[in-house]
Amino acid sequence: MQWESVIGLELHVQLATRSKIFSGAANRFGARANTQACAVDLGLPGVLPVANEEVIRMAVKFGLAVDANIAKRSVFARKNYFYPDLPKGYQISQYELPIVSAGRIQIRDNGTVREIGITRAHLEEDAGKSVHEGFPGFTGIDLNRAGAPLIEIVSEPELRSAGEAVAYMKKIHSLVRYLEISDGNMQEGSFRCDANVSVRPEGETRLGTRAEIKNINSFRFVEQAINYEISRQIEHIEAGNEVVQETRLFDPDKNETRSMRTKEEANDYRYFPDPDLPPVVIDEDYIETVREQLPELPEQKRRRFMEAYGLSEYDSGYLVASKDTADYFEAAVTVAPGQAKPVANWIMGELGAALNRDNLGISAGKVSADMLAGLLMRIADGTISNNIAKQVFEAMWQGAGSADDIIEKQGLKQVTDTGEIGRLVDEAIAENSAQVQQYRDSPPEKRAKLIGYFVGQVMKKSRGKANPKQVNELLTERLT
Ligand code: ADP
Ligand code: MG
């Protein structure tokens, strides 16, 4: 039987506000445990939450960026459950009336473009953290994260493969960074994913029973967890069993998902509107003001890069996928005007490889946009060849200074002196009499190929510095 996989993602994105969603305590990562939770976050009796306006603005920004409906009136609700990291006994979230609903976003996977529906995006507070390390036989509780603002973005069950799920997740990740509403830091838990996965026979329109894999914190793990879960469900069904609706955990060390608990239903949470918080009421003017503040979004930027710089759809898509990369590109082109294509090539090529090798983000790399531009200018004006440029790039990466410094210090300037190149050409001809004979015995169409051998010899003699065009010309002249 052919199976189709169905995936819906819930992304928890921590909003980059200065203070928490309902209190004035700092919203920062990494402070000493329990130093950033105030009476409101601790759920002490007699305190009242007050909604942080910045959180509302950020949610509206997100909603506008995904063409969603922005609710003029949305309501905070209590989601009741007990857990040691939730001192109030309930989490303030949004349930029936979320601030953002019915949005959509385009994803590209393997060259195909698809539009994925965003069911809703609602605001909620984060819970604290259980800490096990350093407390043998006990569990420590750190409430610094309690009350941190989250937007939970829920997709329609419209993703059809692990690859599409990752493409969707990356797209949202890039978008929240563009909008500057989250730092998206996955190591610190600012961007977490729950993946809902089910399978059904190809052609079936009803949804199969799903499992929800909780709290996956990297793109790679999301892909692995979903692929594992798809195979597990198919094997399970083909062996004559039924999938049960449950919550599972992904274990990256074993690359498998394990059952955690059977799934709770919404009515287990006894949601009701929080009587301590008034509904969030916003008007058209407010929405329009936020719309005017929207930055250029990835799709718009992609189109502009194609038009303004003559880049291909692929190149511009690559560059705009992260805002840092797009900014780096534009900074480099400002210093090296007319070099858009080479800049793009180097970002995707040498620079990308070096960043990968050292596991660095583009803004943390050792070759700044200015430095790369400086290097490409020297290729453009013929001072160095592309090959030598790679050597210079490596030296820049090692901290040897600017391209000009390195070219000067290491004597890498391209040799364009015909006399000097001529000497090397003569040497190469004298040292390779057999190849010279072969060349002379060959018809013109074969000669074009054979000449490459001599070019290689001369370039080697010049340690890559001879101007290849001149080498070619002189060889053609003197071999005949
Ligand atoms: P809950 O409130 O229990 O988390 P929702 O109905 O809000 O459940 O759905 C949560 C996520 O699960 C959504 O992203 C939705 O697209 C996805 N989903 C729902 N049903 C299925 C299914 N049968 N297969 C895969 N994903 C599903
Ligand atoms: Mg859920």
Side-chain angles (χ1 to χ4, degrees), residues 3-13 62 66 68 74-75 77-81 83 90-105 107 114-124 126-127 150-173 191-216 222-223 225-234 236-237 242-250 257 259-272:
W3 296 93
E4 178 181 59
S5 38
V6 175
I7 300 141
L9 298 188
E10 294 161 275
L11 299 174
H12 287 91
V13 181
F62 176 78
V66 295
S74 62
V75 169
R78 291 187 182 179
K79 178 179 182 179
N80 299 280
Y81 66 93
Y83 207 72
Y90 60 85
Q91 176 194 25
I92 307 178
S93 180
Q94 295 189 310
Y95 183 55
E96 274 170 294
L97 293 170
I99 186 155
V100 169
S101 59
R104 60 207 150 90
I105 195 161
I107 61 163
R114 285 195 60 211
E115 198 161 88
I116 304 300
I118 292 173
T119 317
R120 54 190 274 146
H122 61 258
L123 289 166
E124 62 186 23
D126 209 341
L150 299 178
I151 185 162
E152 177 175 340
I153 303 162
V154 182
S155 85
E156 288 291 314
E158 291 176 349
L159 299 156
R160 291 290 172 267
S161 67
E164 281 193 5
V166 171
Y168 168 85
M169 194 176 163
K170 285 189 171 162
K171 200 70 195 269
I172 300 274
H173 186 259
F191 195 87
R192 324 194 280 267
C193 174
D194 298 345
N196 295 268
V197 179
S198 65
V199 298
R200 62 184 174 191
E202 195 84 60
E204 169 67 64
T205 51
R206 279 170 308 173
L207 292 172
T209 307
R210 71 182 143 131
E212 177 171 4
I213 314 162
K214 278 280 180 202
N215 253 323
I216 328 174
V222 166
E223 180 155 12
I226 293 175
N227 277 329
Y228 174 87
E229 187 57 24
I230 292 170
S231 316
R232 184 192 72 86
Q233 291 185 12
I234 293 174
H236 194 66
I237 298 171
E242 277 183 12
V243 173
V244 288
Q245 186 164 334
E246 62 181 352
T247 302
R248 298 178 71 88
L249 270 189
F250 178 63
T257 63
S259 181
M260 187 162 87
R261 54 167 189 257
T262 55
K263 172 89 188 154
E264 58 293 299
E265 298 292 331
N267 55 17
D268 295 334
Y269 290 120
R270 321 224 76 158
Y271 280 100
F272 65 86

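In this chain, numbering begins with 1 at the start of the sequence shown. Every number for a ligand or one of its atoms is a count from 1 in the order of the listing.
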Query raised in the report: Are any of the N or O atoms of T209 closer than 3.5 Å to those of ligand 1?
Result: no

Requested in this report: Compute the shortest N/O to N/O distance between I7 and ligand 1 and return yes if it is under 3.5 Å, no if not.
Outcome: no

Query - E10 bridged to R210 by N-O distance under 4.0 Å - result: no

Can you check which of [options] brings a heavy atom nearest to [atom]?
atom                    : options                : value
atom 12 (O) of ligand 1 : N196, V154, L159, V6   : N196
atom 9 (O) of ligand 1  : R206, E152, E158, R210 : R210
atom 14 (O) of ligand 1 : S5, P157, G117, S155   : S155

Requested in this report: Might you confirm whether atom NZ of K170 has over 12 heavy atoms from other residues, nucleotides or ligands at distances under 6.0 Å?
Outcome: no

Query - Results of side-chain hydrogen bond (donor to acceptor under 3.5 Å, both in side chains) for R200 - residues two or more places apart only - result: E4

Requested in this report: Could you tell me which non-hydrogen atom of A225 sits nearest to which non-hydrogen atom of T257, and how far apart they are?
Outcome: O-CG2, 4.0 Å

Which atoms of ligand 1 have any heavy atom of [X] under 4.0 Å away?
X    : answer
E156 : 16 (O)
L207 : 23 (N)
L9   : 14 (O)

Requested in this report: Please determine which of R120, Q94, E124 meets the side chain to side chain contact (heavy atoms under 4.5 Å, CB included) test together with E152.
Outcome: E124

Report task. Run through R78, E96, K79 and flag the one making a side chain to side chain contact (heavy atoms under 4.5 Å, CB included) with F272. Result -> R78

